[in-house]
S.K.: 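Okay, here's the structure, questions in a sec.
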Amino acid sequence: MPLRAAAVPSEWDQMVPLWLHGRPESTRDVYRPVIQDFKDFVKAKPISRVSLKDLQDYSDTLGTQKPRTVERKLSTVKSLLTFCFKTGMIPFDVGRALRTPKIPDNLTEKILEEDDMLRMIDMEAVPRNQVLLRVLYATGIRAAEAANLTWLNVQPRANGPGQISVLGKGDKIRSIRLSVGTWGALMSLKPSLPQVDTPVFVRDDGRPMSRTHVTTVVSRAARRAGISKHVSAHWMRHGHASHAIDRGAPLSLVRDTLGHSNLKTTSRYIHARPGESSNSYLNV
């Protein structure tokens, strides 16, 4: 009986895992369905045969979605094509020719007042959730970073209460010092004999919280506090940055705490809530 030839993996099966390699799981969870959707749209046509017309037609199908969602999806597909070009799999980066929608910066709308943040924390009746809200606001960490936090990442300091270390985007580790109050709140959750990989924030059934679960806790706390906006966990991060800068924190320090790659990203918070403007010098 003749041997059957092994199936040759498609270009999608070869390149997508390579492109996703090393990215945080939370990022891969966002990217995979977008790529699958585009692959289905082009009927699994080989990546090397994807044309600008394919990209434009796919873009047209997204017209009813929010501009920011459209931009994210198109940028995801373009990122894969750029990767394929850089690795030499395709001779031309066809994605570079695709125009993506310009997204207005709506950061201002996502910055709650300090009183709103504190009310969300104070009104949370579940101790674990209250600590979670406090840590998110006090440190500016992302939802995924909070979900992945283990007791190994929580360390006391000789000259202060303690710190947490989180693995952020680009697999970069950053350490963040905590205040006495936040450290004490965090310690209230610590089991008597935690394993090094024991999550700090666990669900009622004992399983680790997911990024989505963290955001659900924040959203419910916002509604409980009478905030009508659709608040996500990332709004706690925005609040941390904006309020710290308002109180005089150096941009470089806020950048390092949030894990931004450059000051340009951090400076958005100054533009969103300027301390003063040139009208202060006019007699009107």
Side-chain angles (χ1 to χ4, degrees), residues 20 22-34 66 68-69 72-73 76 106-107 109-112 116-121 123-124 126-154 163-176 178 182 185-186 189 197-225 227 229-244 254-261 265-266 268-269:
L20 291 174
R23 299 180 187 271
E25 187 59 37
S26 58
T27 300
R28 283 181 275 173
D29 288 344
V30 173
Y31 284 2
R32 285 192 190 101
V34 175
K66 295 179 180 179
R68 192 169 297 278
T69 300
R72 174 180 60 80
K73 290 184 176 181
T76 298
N106 63 345
L107 178 60
E109 303 170 11
K110 297 181 179 181
I111 298 176
L112 299 175
D116 291 330
M117 292 290 197
L118 297 178
R119 192 167 67 255
M120 287 171 59
I121 297 171
M123 294 184 66
E124 177 57 66
V126 179
R128 175 207 59 205
N129 293 349
Q130 187 178 69
V131 175
L132 172 61
L133 293 170
R134 181 166 186 161
V135 169
L136 288 172
Y137 180 43
T139 65
I141 61 176
R142 302 175 177 91
E145 294 168 347
N148 294 329
L149 193 67
T150 69
W151 287 109
L152 177 65
N153 310 132
V154 181
Q163 66 181 38
I164 61 172
S165 297
V166 295
L167 181 65
K169 290 186 176 180
D171 289 336
K172 295 179 180 178
I173 298 176
R174 66 187 191 280
S175 296
I176 305 168
L178 303 181
T182 300
L186 194 57
L189 298 181
D197 59 349
T198 300
V200 172
F201 299 108
V202 295
R203 304 188 331 180
D204 294 337
D205 59 8
R207 292 190 295 171
M209 274 193 178
S210 66
R211 173 176 55 88
T212 303
H213 196 121
V214 171
T215 290
T216 299
V217 170
V218 175
S219 299
R220 290 175 177 172
R223 290 197 297 270
R224 190 181 302 115
I227 301 170
K229 297 180 179 180
H230 297 290
V231 178
S232 71
H234 218 71
W235 289 44
M236 307 296 282
R237 181 174 168 86
H238 294 322
H240 169 98
S242 179
H243 301 162
V254 177
R255 174 200 62 196
D256 294 343
T257 300
L258 297 185
H260 288 159
S261 58
T265 303
T266 315
R268 291 176 61 215
Y269 293 99

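Computed from a predicted structure; not experimentally measured.
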S.K.: Under the 3.5 angstrom rule, does the side chain of S219 hit a backbone N or O of T215 as a donor-acceptor pair?
M.R.: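 Yes, the answer is positive, given that a donor and an acceptor are paired below the 3.5 Å cut-off.
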S.K.: Apply salt bridge (Lys or Arg N to Asp or Glu O under 4.0 Å) to R134 and list each qualifying residue two or more places apart in sequence or on a separate chain.
M.R.: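 Result, salt bridge (Lys or Arg N to Asp or Glu O under 4.0 Å) vs R134: none returned.
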S.K.: If you round to the nearest 0.5 Å, how far is CG of L167 from CD of E145?
M.R.: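 Between E145 CD and L167 CG, I get 8.0 Å after rounding to 0.5 Å.
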S.K.: Under the ring pair (Phe, Tyr, Trp, His ring centres under 6.0 Å) rule, collect the residues that match up with Y31, sequence neighbours excluded.
M.R.: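 Result, ring pair (Phe, Tyr, Trp, His ring centres under 6.0 Å) vs Y31: W19.
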S.K.: Please find the pair of heavy atoms, one from H240 and one from L258, that lie closest to each other, and give the distance.
M.R.: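 Closest pair (atom of H240, atom of L258, distance): CD2-CD2, 3.9 Å.
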S.K.: Does V214 reach the side chain of R142, with side-chain heavy atoms less than 4.5 Å apart?
M.R.: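 No, side chains not in contact.
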S.K.: What residue pairs, at least two apart or across chains, pass side chain to side chain donor-acceptor pair (under 3.5 Å) with a residue in residues 197-213?
M.R.: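 Qualifying pairs, neighbours excluded: R128-D204, R203-D205, D205-R207.
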S.K.: To check you understand the geometry: which heavy-atom pair defines the closest contact between S232 and V218, and what is its length?
M.R.: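 Residues S232 and V218, closest heavy atoms: O-CG1, 3.5 Å.
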S.K.: Could you give all pairs that pass the ring pair (Phe, Tyr, Trp, His ring centres under 6.0 Å) test and reach residues 131-153, with sequence neighbours left out?
M.R.: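 Sorted result for residues 131-153: Y137-H243.
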S.K.: Would you indicate whether the side-chain heavy atoms of R72 and V34 approach each other to under 4.5 Å?
M.R.: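 SC-SC contact between V34 and R72 confirmed.
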S.K.: Going by the rule side chain to side chain contact (heavy atoms under 4.5 Å, CB included), which residues pair with N153 if we only count those two or more places apart in sequence or in a different chain?
M.R.: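 Partners of N153 by the side chain to side chain contact (heavy atoms under 4.5 Å, CB included) criterion, ordered by chain and then number, come out as L149, T150.
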S.K.: Sequence neighbours left out, what passes side chain to side chain donor-acceptor pair (under 3.5 Å) with R119? Give chain and number order.
M.R.: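 With sequence neighbours excluded, R119 shows a side chain to side chain donor-acceptor pair (under 3.5 Å) to D116, given in chain and number order.
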S.K.: Other residues, nucleotides and ligands only: do more than 12 of their heavy atoms fall within 6.0 Å of CZ on R220?
M.R.: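 No, not enclosed.
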S.K.: Mind checking side chain to side chain contact (heavy atoms under 4.5 Å, CB included) for A146 and listing every partner two or more places apart, or none if nothing turns up?
M.R.: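 For A146, the residues satisfying side chain to side chain contact (heavy atoms under 4.5 Å, CB included) (neighbours in sequence not counted) are L132, L136, I141.
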S.K.: Taking the side chain as C-beta and beyond, is there a heavy-atom pair between T265 and R255 under 4.5 Å?
M.R.: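 Of all side-chain heavy-atom pairs linking R255 with T265, none is under 4.5 Å.
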S.K.: E124: what forms a side chain to side chain donor-acceptor pair (under 3.5 Å) with it, not counting sequence neighbours?
M.R.: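 Expected list: R224.
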S.K.: Which residues pass the salt bridge (Lys or Arg N to Asp or Glu O under 4.0 Å) test with R68, sequence neighbours left out?
M.R.: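 In terms of salt bridge (Lys or Arg N to Asp or Glu O under 4.0 Å), with neighbours along the sequence ignored, R68 is linked to no residue.
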S.K.: For R223, check salt bridge (Lys or Arg N to Asp or Glu O under 4.0 Å) against everything at least two apart and list the hits.
M.R.: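 With sequence neighbours excluded, R223 shows a salt bridge (Lys or Arg N to Asp or Glu O under 4.0 Å) to no residue whatsoever.
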S.K.: With sequence neighbours excluded, tell me which residues meet salt bridge (Lys or Arg N to Asp or Glu O under 4.0 Å) with D29.
M.R.: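 Salt bridge (Lys or Arg N to Asp or Glu O under 4.0 Å) check on D29 returns R32.
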S.K.: Work out which heavy atom in T266 is nearest to a heavy atom in H260; give both atom names and the distance.
M.R.: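 The answer is OG1-ND1, 2.8 Å.
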S.K.: Return the minimal non-hydrogen interatomic distance between L107 and R268, and the atom names on each side.
M.R.: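 Here L107 and R268 meet closest at CB-NH2, 3.6 Å.
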S.K.: Within a strict 4.5 Å, meaning less than it, do heavy atoms of the I164 and L186 side chains meet?
M.R.: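 Yes. Closest side-chain heavy atoms under 4.5 Å.
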S.K.: Verify side chain to side chain contact (heavy atoms under 4.5 Å, CB included) between N129 and M209, making sure each step is shown before the conclusion.
M.R.: CA-CA 11 Å; N129 293 349; M209 274 193 178; 3.7 Å; yes
S.K.: Write down the atom of W235, the atom of H230, and the distance for their closest heavy-atom approach.
M.R.: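 Reported closest heavy-atom pair: CZ2-O, 3.6 Å.
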S.K.: Can you name the side chain to side chain donor-acceptor pair (under 3.5 Å) partners of R23, sequence neighbours left out?
M.R.: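 Counting only residues at least two positions away or on another chain, R23 forms no side chain to side chain donor-acceptor pair (under 3.5 Å).
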S.K.: Give, for atom CE of M117 and atom CG of L112, the distance between the pair rounded to the nearest 0.5 Å.
M.R.: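 Separation between the atoms: 5.0 Å.
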S.K.: Would you please test V154 and V200 for side chain to side chain contact (heavy atoms under 4.5 Å, CB included) and show each step?
M.R.: CA-CA 9 Å; V154 181; V200 172; 4.0 Å; yes
S.K.: Quick one, T139 with T257, criterion side chain to side chain contact (heavy atoms under 4.5 Å, CB included). Give me CA distance, side-chain angles, the key distance, then yes/no.
M.R.: CA-CA 7 Å; T139 65; T257 300; 5.6 Å; no
S.K.: Closer than 3.5 angstrom, by distance alone: can the side chain of K229 be matched with the main-chain N or O of E109 as a donor-acceptor pair?
M.R.: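 Such a contact is found between K229 side chain and E109 backbone.
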S.K.: Within a strict 4.5 Å, meaning less than it, do heavy atoms of the F201 and V135 side chains meet?
M.R.: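 Side-chain contact under 4.5 Å: yes.
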